[in-house]
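Lettering of chains follows the sequences in order, A, B, ..., and the numbering in each one begins at 1.
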There are 2 protein chains.
Amino acid sequence: MERSFRCLPEMNKYTEVKKKGFSSRDVASMAGVSQATVSRVMNRPDCVKEETRIRVMQAMERLHYQPNLIARSLVMNSTRTIGLISGNLTNVFFVETTDSIENYVKGQGYKTIIYFEKEEVKLKDIVDSLISQKVDGILLSSIKLNDPIFEGIKRCGIPYVFFNRRPGEEGNYVVLDNELAGQMATSHLLNLGHERIAYISGKLDISTFHERKIGFEKAMRMAGKRILDGLVHFVNPDEGVIGEITGRLMSLQAPPTAILCATDALALSCMDTLMSHGLDVPGDVSLVGIDDTKLSSHQAIQLTSVGHHGFRMGQLAAGILIDLIESGCRPHQDRQIILPPKLVIRKTSGQIRLKK
Amino acid sequence: MERSFRCLPEMNKYTEVKKKGFSSRDVASMAGVSQATVSRVMNRPDCVKEETRIRVMQAMERLHYQPNLIARSLVMNSTRTIGLISGNLTNVFFVETTDSIENYVKGQGYKTIIYFEKEEVKLKDIVDSLISQKVDGILLSSIKLNDPIFEGIKRCGIPYVFFNRRPGEEGNYVVLDNELAGQMATSHLLNLGHERIAYISGKLDISTFHERKIGFEKAMRMAGKRILDGLVHFVNPDEGVIGEITGRLMSLQAPPTAILCATDALALSCMDTLMSHGLDVPGDVSLVGIDDTKLSSHQAIQLTSVGHHGFRMGQLAAGILIDLIESGCRPHQDRQIILPPKLVIRKTSGQIRLKK
DNA sequence: CTGAAAGCGCTTACAG
DNA sequence: CTGAAAGCGCTTACAG
């Protein structure tokens, strides 16, 4: 558009688009009643005389009338929508939570707007967008430790629940006891005789990874084992560098006899690389994940893992959120659930073997 | 609530809920301008005097103002939202499409409302809900052959694209050449010397399954092989009966030497059962899927499959939808893409072995 | 460059 | 039981 035109009345690109449907006013005039009555037929049918109600309903049918929920939301100040900001679906764990969350909230009569986190998109923008969209509540796994956005969420007063990750000790959340999970996974490997244990994790600005690492360190310390420098890696899981790291680990002079991955998703990538290098798991190296996703129990995978069903975590978080939404008042106490992890020993972890 | 009260003015449960935020009117009065000017600062900043604009923006900051998109949508008649009705995430294929769709439309400035199909929830209700919510377009994989809802979608005039499944020959869609895919998968097994081929599929009221079955039959016919009665099953994939079917197939007097599953998801379930029965794939029985999901290429799975990357299908469909939305006019020709399938031979299919 | 006014499609007190 | 009216928070033609 030319500069000189920029302040002319803008062409309304919607002008020529036909109306998207009929309004309650159209129904009203067809039925010979007021708009208020049409509204009542939808919301409080008991309060409308049967004869009138039938006439209105016939008009609705004839016009294929669909109420405009946007308009309703505006007056009701409620959208019956929750916003879900989730980790990417390339991580199986979030597949489980996304599925269970959508199903749960749908059952409660809510819709779900989803966002999958992405490097380029700032969390703040997503949250702002959700606030602007007037969602009734926000469910988010994508939060960093001490993320300043947490303040913004609290300030605006919109109900929220974190799941899987949390910004700190405060707030509403449902998480795994990650420290314990890390500890249990490590102890399992120690019990099998491993000492040279590699640890592959996501970045430590995320609570999950921060806490699991502490658990790992704690277990090693308690067993009196040293954590070996080149064996510990904190990477960005999205970048697909797991293959490279794994390759490097295994071509070390003294490669690890076991690898603990901070998530099942990482372990799966790791396993993929190990196997494509012709290595046997657990023959050549043991492998353990954390999260215990369903996929890990597949007979072809059989990944030893520690976790607490993801679908349950999603459902719990969604349940709390809806509770928060419907109770209306802002409770004075944060709602916090820390789930106990469970170790599930499968086929990827085995007794250490002596170097041939 | 007592019957006698039912027509009393309803307690407005929103009455006591504090406003969800500030409005442009609040900003206006703080900045000492009219609401119209605040609106202009957001939408056509060039048309506002710099001094005024700065004053308004400061007021916005101070109030942490977030525009109410609900109100804007109402006047603009556009929500910048698309509705996605997807198959369940328990099917890996839909994990890939969901992920790519959300990412693509987000990049185009649209939000995504998702629904995962579910036995209990009727498609019509979901579509109606989406129409009521005034989404700008609908993307759906969940459609049955000749589904009457297709008429409703066309009538209401909302842009739509089907992906993976289609209601028939008509409409906008992006699908795999399913018949060819079925044929290629079958031919592959025939070429390996298999004749006793089992076929496990979803119900035939879904185009994908209908067409893939035709491909299967065609390949068998062209090879002059008979399709054996007890070896063909059309089941509801959600019900987890795959295990049972697989078990029954393999305990037949003359079990199949190969199993073709109509989707990778089915093949994965099938493999799980086969392995848990101690059977070797492909030693005891070959296994082939259709969709070629990423998971199939994992070293621990290595499922032979035929397909066309799911993420591409999702992205193509989303691209067409947004094109349809933004072009505004209803094109006279349907937009249809039929993707060519590719056979990827991995480790689950092998030469037939003679019965010991 | 800016404001007053109308309108998007609903809902709900208020009267009758 | 029903209608007229006001209002939710925006946007935009129309005046000035």
**Study point:** From CA spacing to verdict: side-chain contact (heavy atoms from CB on, under 4.5 Å), B:Val33, B:Val48
**Key:** CA-CA 11 Å; B:Val33 298; B:Val48 180; over 6 Å; no

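To the nearest angstrom, P of C:dA6 lies 22 Å from CE of B:Met76. Rounded to whole angstrom, the span from the CZ atom of A:Arg25 across to the P atom of C:dT11 amounts to 13 Å. For the pair B:Leu74 CG and D:dT12 P, the interatomic distance rounds to 13 Å; values are reported in whole Å. Taking atom CZ on B:Arg80 and atom C1' on D:dT11, their separation rounds to 16 Å, with Å as the unit. Between B:Gln66 atom CD and D:dC10 atom P there is a gap of 11 Å when expressed in whole angstrom units. Note: CG (B:Asn68) to C1' (D:dG7) measures 14 Å, nearest angstrom. Protein atom CD1 of A:Ile70 is 15 Å distant from nucleotide atom P of D:dG9, rounded to whole Å. The separation between A:Met60 atom CE and C:dC10 atom P is 9 Å, rounded to whole Å.
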Check your understanding: How would DNA chain D look in dot-bracket form, 5' to 3', counting Watson-Crick and G-U wobble pairs with both distances under 3.5 Å and writing | for bases paired to another strand?
Key -> |||.||||||||.|||

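Picking from D:dG9, C:dT11, D:dT11 the nucleotide with the shortest atom distance to the side chain of B:Met42 gives D:dT11. Of all nucleotides listed (C:dT12, D:dT11, C:dG9), C:dG9 comes nearest to the side chain of A:Ala71.
Not counting sequence neighbours, the partners of B:Ser39 by the side chain to side chain donor-acceptor pair (under 3.5 Å) test are B:Asn43.
Regarding contacts with the backbone of C:dG9, every side-chain N or O of A:Tyr65 stays at 4.0 angstrom or more from both OP1 and OP2. Between A:Ser39 and C:dT11, a side-chain N or O to OP1/OP2 separation shorter than 4.0 Å is present. In this model, the phosphate group of C:dT11 is approached by a side-chain N or O of A:Asn43 to a distance below 4.0 Å at OP1 or OP2.
The local environment of NZ in B:Lys154 is crowded, with over 12 non-hydrogen atoms from other residues, nucleotides or ligands closer than 6.0 Å. Heavy atoms from other residues, nucleotides or ligands lying under 6.0 Å from NZ of A:Lys144 number 12 at most. Atom CD of A:Gln333 is surrounded by 12 or fewer heavy atoms from other residues, nucleotides or ligands within 6.0 Å. Around the CE atom of B:Met57, the shell of radius 6.0 Å holds no more than 12 heavy atoms that belong to other residues, nucleotides or ligands.
Under the 4.0 Å criterion applied to side-chain N and carboxylate O atoms, B:Glu151 and B:Arg155 are not assigned as salt-bridge partners.
Each of A:Glu117, A:Lys118, A:Arg165 was compared with A:Ser142 under the side chain to side chain donor-acceptor pair (under 3.5 Å) criterion, and only A:Glu117 meets it.
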Heteroatom pairs (N/O) under 3.5 angstrom, protein to nucleotides 2-5 of chain C:
residue : atom : partner : partner atom : Å
C:dT2   : OP1  : B:Thr52 : OG1          : 2.2
C:dT2   : OP2  : B:Lys49 : N            : 3.0
C:dG3   : OP2  : B:Ser34 : N            : 3.0
C:dG3   : OP2  : B:Ser34 : OG           : 3.1
C:dG3   : OP2  : B:Thr37 : OG1          : 2.6
C:dG3   : N7   : B:Arg40 : NH1          : 3.4
C:dG3   : N7   : B:Arg40 : NH2          : 3.3
C:dG3   : O6   : B:Arg40 : NH2          : 2.4

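The side-chain heavy atoms of A:Asn103 and A:Phe311, taken from C-beta on, include no pair separated by under 4.5 Å.
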